[in-house]
Amino acid sequence: MKVIYANGTVAECAPEEELHILRHSAAHIMAQAIKRIYPEARFAYGPANEKGFYYDVDLGDVKLTDEDLAKIEAEMKKICKENLPIRPSILPRDEAVAFMKERGEIYKVEHIADLAEDAEISFFTQGDYVDMCTGPHLCYTKALKAFKVLGQSGAYWKNDKNNKMLTRIKGVAFRTQEELDNHMKLLEEAEKRDHRRIGKEMGLFMLCDEAPGFPFFLPKGMTLKNTLIDYWREIHTRENYVEVSTPLIMNRHLWETSGHWDHYKDNMYSTTIDEETYCVKPMNCPGGVMVYRSQPHSYRELPMRVGELGLVHRHELKGALHGLFRVRCFTQDDAHIFMRREQITEEIVSVVHLINEVYNKFGFKYTVELSTRPENSMGSDEDWEAATNGLKGALEKLGLPYVINEGDGAFYGPKIDFHLEDSLGRTWQCGTIQLDFQMPINFELEYTDDKGEKQRPIMIHRVCFGSIERFIGVITEHFAGKFPVWLAPTQAKVLLVSEKCAEYGRKVYEALREAKIRVELDDRNEKIGYMIREAQVVDRVPYMLVIGQKEAEDGTVSVRLRDGGETLVMSLDEFIAKIKKETEERL
């Protein structure tokens with residue numbers, strides 16, 4: 001694909017760059033369409049990303065409807081048919097500022113102010129539209145053949161809540177119409193699997209305006225959450241972790257010592273107690289450190305593996321909140337491992353094995369990313385190099401492929417992130433392993449070595465689920481609410497054909513309850529077909545036991561499966577044995 005660069009060069013771009021350039025050009029074409037329809041529009045940022053493209057626009061008092069978005073898309077198609085050439089130009093900084101001021105582009109002027117004083121500013125022109133951009137772009141608008149305007153949301157200018165809220169108009173573009181059609185089918189399936197809709201239908205959780213970003217878990221949702229936690233506790237007990245609980249609110253001095261106050265205070269909630277500032281914890285780490293520091297330790301105790309299912313709170317912008325995926329409070333399945341330097345590789349390998357076991361249990365594939373030292377970090381070059389090499393060494397020992405994500409580590413250490421791939425091919429960042437030399441220094445942690453001398457331990461921060469709430473959102477969409485038997489909030493539902501078989505049906509229900517099977521009884525005066533469909537489609541129950549006169553006479557149960565197929569007739573004892581086996585083996 002031929003593209004044009006800011007210096008006017010026309011050349012074939014690398015295949016891996018094509019999609020990004022298509023989408024970047026689509027953002028410009030969309031901006032031109034918006035400008036034609038809304039001449040007073042002022043433009044902020046309009047990048048391409050891995051999901052498509054968007055443009056943040058100041059539309060004044062205009063509120064867009066779905067019909068308005070359709071008009072923007074139609075105007076984009078018109079611009080593509082016009083086959084306008086896309087041409088670059090470069091201006092000195094002062095001239096660029098004057099040019100943007102003349103066009104009323106106040107956000108572009110502010111953006112220029114953030115650039116180097118001697119910078120030359122490049123522009124790309126297509127017809128009557130000019131945009132400030134570094135490029136490259138398509139050579140002609142007709143080269144954009146497959147795109148769709150998807151929707152809108154709010155976005156603060158420069159992502160700062162103190163700035164004006166702009167309208168973010170989003171779209172997607174592909175090389176071919178076939179690729180776009182496939183993507184739209186995927187989005188349609190994703191909409192059907194939206195955890196917010198499924199969560200409401202199944203009665204798992206609720207969100208309300210009185211507590212934005214603070215989810216309410218309903219009885220069935222609590223069953224699901226507790227089942228996940230039971231699994232978490234079982235595997236961590238097996239791997240010799242101990243569990244602790246640390247306070248929700250702790251003094252600001254603790255967070256200053258840990259480094260979080262300087263790096264994270266804008267995302268922390270705080271309150272005043274006894275005329276001092278206290279913080280609601282946004283993570284569990286400092287509490288885990290205090291547990292370690294509470295008593296002396298010998299090298300024989302290390303590694304010391306300390307787990308915590310801690311409720312944490314983080315201030316997220318209201319516009320960024322999204323179901324269980326982005327919330328303001330969540331349960332983090334943390335663990336902190338305190339160890340000697342020579343134990344680093346062995347412990348990281350052990351953690352990777354544990355995380356791998358968990359993700360395999362849910363049928364997830366995953367990729368691994370190693371994030372290195374960010375600009376705003378704590379600690380010496382030597383410690384960072386040792387920590388990064390420790391993570392690399394563990395990944396290489398495991399033979400686990402990984403990519404480097406330069407500069408995206410935590411402020412106290414490098415990290416390994418696990419990106420899950422769900423049943424629709426979407427990726428989610430959940431598990432993480434962070435190697436930390438700094439916090440043990442900040443809190444003066446020690447252990448006594450085999451010579452009786454004081455040494456500094458190394459610390460691993462790690463999570464498997466990441467956030468229990470977010471993980472529930474991910475698996476809800478992954479399974480489309482059809483959770484495996486061991487995890488399903490309701491494992492079986494007893495459906496009565498008529499009142500004549502009610503006595504036997506209730507005996508079946510009670511027998512299942514005694515066997516500790518999560519069961520419900522539907523004895524409403526409804527048609528059996530309606531009850532089956534509701535249990536199958538809305539409640540997504542793995543097994544429906546249809547109890548009629550014949551089952552009552554024979555002492556059997558007719559078992560219908562969630563995904564259809566042949567109805568199985570078996571004794572009650574056989575069914576109980578079957579479901580207990582699936583629950584115990586987590587099938």
Visitor: Is atom CD of Glu110 surrounded by more than 12 heavy atoms (other residues, nucleotides or ligands) closer than 6.0 Å?
Guide: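 Result for CD/Glu110: enclosed.
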Visitor: Does Phe147 form a ring pair (Phe, Tyr, Trp, His ring centres under 6.0 Å) with Phe174? I'd like the steps, not just the answer.
Guide: CA-CA 6 Å; Phe147 59 88; Phe174 286 92; over 10 Å; no
Visitor: Taking side chain as C-beta onward, heavy atoms only, is Glu73 less than 4.5 Å from Lys148?
Guide: yes
Visitor: Enumerate the side-chain hydrogen bond (donor to acceptor under 3.5 Å, both in side chains) contacts for residues 7-17, please, sequence neighbours excluded, ordered by first and then second residue.
Guide: Asn7-Thr9
Visitor: State which residue, out of His137, Lys108, Lys35, fulfils the side-chain hydrogen bond (donor to acceptor under 3.5 Å, both in side chains) condition with Asp131.
Guide: Lys108
Visitor: At their closest point, which heavy atom of Asp436 faces which heavy atom of Ile458, and how far apart are they?
Guide: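 Distance-wise, the nearest heavy atoms are O-CG2, 3.8 Å.
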Visitor: Can you see whether Tyr54 has Arg168 sitting over its ring - NZ or CZ less than 6.0 Å from the centre and within 45° of the normal?
Guide: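 Yes, Arg168 sits over the ring of Tyr54.
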Visitor: When rounded to the nearest 0.5 angstrom, what is the spacing between CE in Met268 and OG1 in Thr277?
Guide: 10.5 Å
Visitor: Please report the C-alpha distance between Ile468 and Phe330 in whole Å, then the side-chain angles of each, then the deciding distance to 0.1 Å, and finally whether the side-chain contact (heavy atoms from CB on, under 4.5 Å) criterion is met.
Guide: CA-CA 7 Å; Ile468 302 286; Phe330 55 92; over 6 Å; no
Visitor: Any donor-acceptor pair under 3.5 Å linking the side chain of Lys281 with the backbone of Thr246?
Guide: yes
Visitor: Starting at CD of Glu369, measure out to NZ of Lys415 and round the result to the nearest 0.5 Å.
Guide: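 The NZ atom of Lys415 is 8.0 Å from CD of Glu369, to the nearest 0.5 Å.
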Visitor: For the backbone of Gln434 and the side chain of Arg462, can you confirm whether one donor and one acceptor N or O come within less than 3.5 Å of each other?
Guide: no
Visitor: Is the ring centre of His24 less than 6.0 Å from the ring centre of Phe53?
Guide: no
Visitor: Does Asp422 use its side chain to pair, donor to acceptor, with the backbone of Gly425 at less than 3.5 Å?
Guide: yes
Visitor: Distance-only, no hydrogens or angles: does the Ser423 side chain make a donor-acceptor pair with backbone N or O of His478 under 3.5 Å?
Guide: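 Checking the backbone N and O of His478 against the side chain of Ser423, a donor-acceptor pair under 3.5 Å is found.
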Visitor: For the residue pair Arg193 / Thr476, report whether a side-chain donor-acceptor contact shorter than 3.5 Å exists.
Guide: no
Visitor: Count the heavy atoms of every other residue, nucleotide or ligand shown that sit under 6.0 Å from CD of Glu117, and state whether that count exceeds 12.
Guide: no
Visitor: Once you round to the nearest 0.5 Å, how far does OH of Tyr140 lie from SG of Cys80?
Guide: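 Rounded to the nearest 0.5 Å, the OH-SG separation comes out at 15.0 Å.
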Visitor: With Phe43 as reference, evaluate Tyr55, Tyr107, Tyr38 under the ring pair (Phe, Tyr, Trp, His ring centres under 6.0 Å) test and give the passing residue.
Guide: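 So the option named by the test is Tyr55.
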Visitor: Answer yes if the side chains of Ser270 and Lys265 hold a donor-acceptor pair under 3.5 Å, and no otherwise.
Guide: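 Looking only at side-chain atoms, Lys265 and Ser270 do not form any donor-acceptor pair under 3.5 Å.
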Visitor: May I have the step-by-step check of side chain to side chain donor-acceptor pair (under 3.5 Å) for Thr176 and Glu178, ending in yes or no?
Guide: CA-CA 5 Å; Thr176 66; Glu178 182 181 7; 5.1 Å; no
Visitor: Would you compute the distance between atom NZ of Lys78 and atom OG1 of Thr141 and round it to the nearest 0.5 angstrom?
Guide: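 Nearest 0.5 Å value for the NZ-OG1 distance: 12.5 Å.
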Visitor: Where the side chain of Asp333 meets the backbone of Phe465, is there a donor-acceptor pair that is under 3.5 Å apart?
Guide: yes
Visitor: Is any side-chain heavy atom of Met132 less than 4.5 Å from a side-chain heavy atom of Ile121?
Guide: yes
Visitor: Walk me through whether Asp128 and Gln32 qualify under side chain to side chain donor-acceptor pair (under 3.5 Å).
Guide: CA-CA 8 Å; Asp128 56 355; Gln32 184 176 13; 2.9 Å; yes
Visitor: Just by distance, no angles: are the side chains of Thr331 and Glu469 close enough, under 3.5 Å, to form a donor-acceptor pair?
Guide: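 Glu469 and Thr331 do have a side-chain donor-acceptor pair below 3.5 Å.
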Visitor: Which distance, rounded to the nearest 0.5 Å, do you find between the CD of Gln438 and the OG of Ser258?
Guide: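 That separation rounds to 12.5 Å.
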Visitor: Taking the six-membered ring for Trp, are Trp428 and Phe325 parallel (under 30°), tilted (30 to 60°) or perpendicular (over 60°)?
Guide: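 The arrangement is tilted - the two ring planes meet at 30° to 60°.
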Visitor: Does either side chain, that of Asp417 or that of Thr432, offer a donor lying less than 3.5 Å from an acceptor on the other one?
Guide: yes
Visitor: When the ring planes of His322 and His195 are compared, do they come out parallel, tilted or perpendicular, using 30° and 60° as the limits?
Guide: perpendicular
Visitor: Say you draw a straight line from OG1 of Thr427 to NZ of Lys365; how long is it, rounded to the nearest 0.5 Å?
Guide: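 If I round to the nearest 0.5 Å, the distance is 13.5 Å.
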Visitor: Among Glu421, Glu477, Glu50, which residue satisfies the salt bridge (charged side-chain N to carboxylate O under 4.0 Å, His left out) criterion with Arg426?
Guide: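 Passing option: Glu477.
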Visitor: Look at the rings of His313 and Phe214 and say which category their plane angle falls in: under 30° parallel, 30 to 60° tilted, over 60° perpendicular.
Guide: tilted
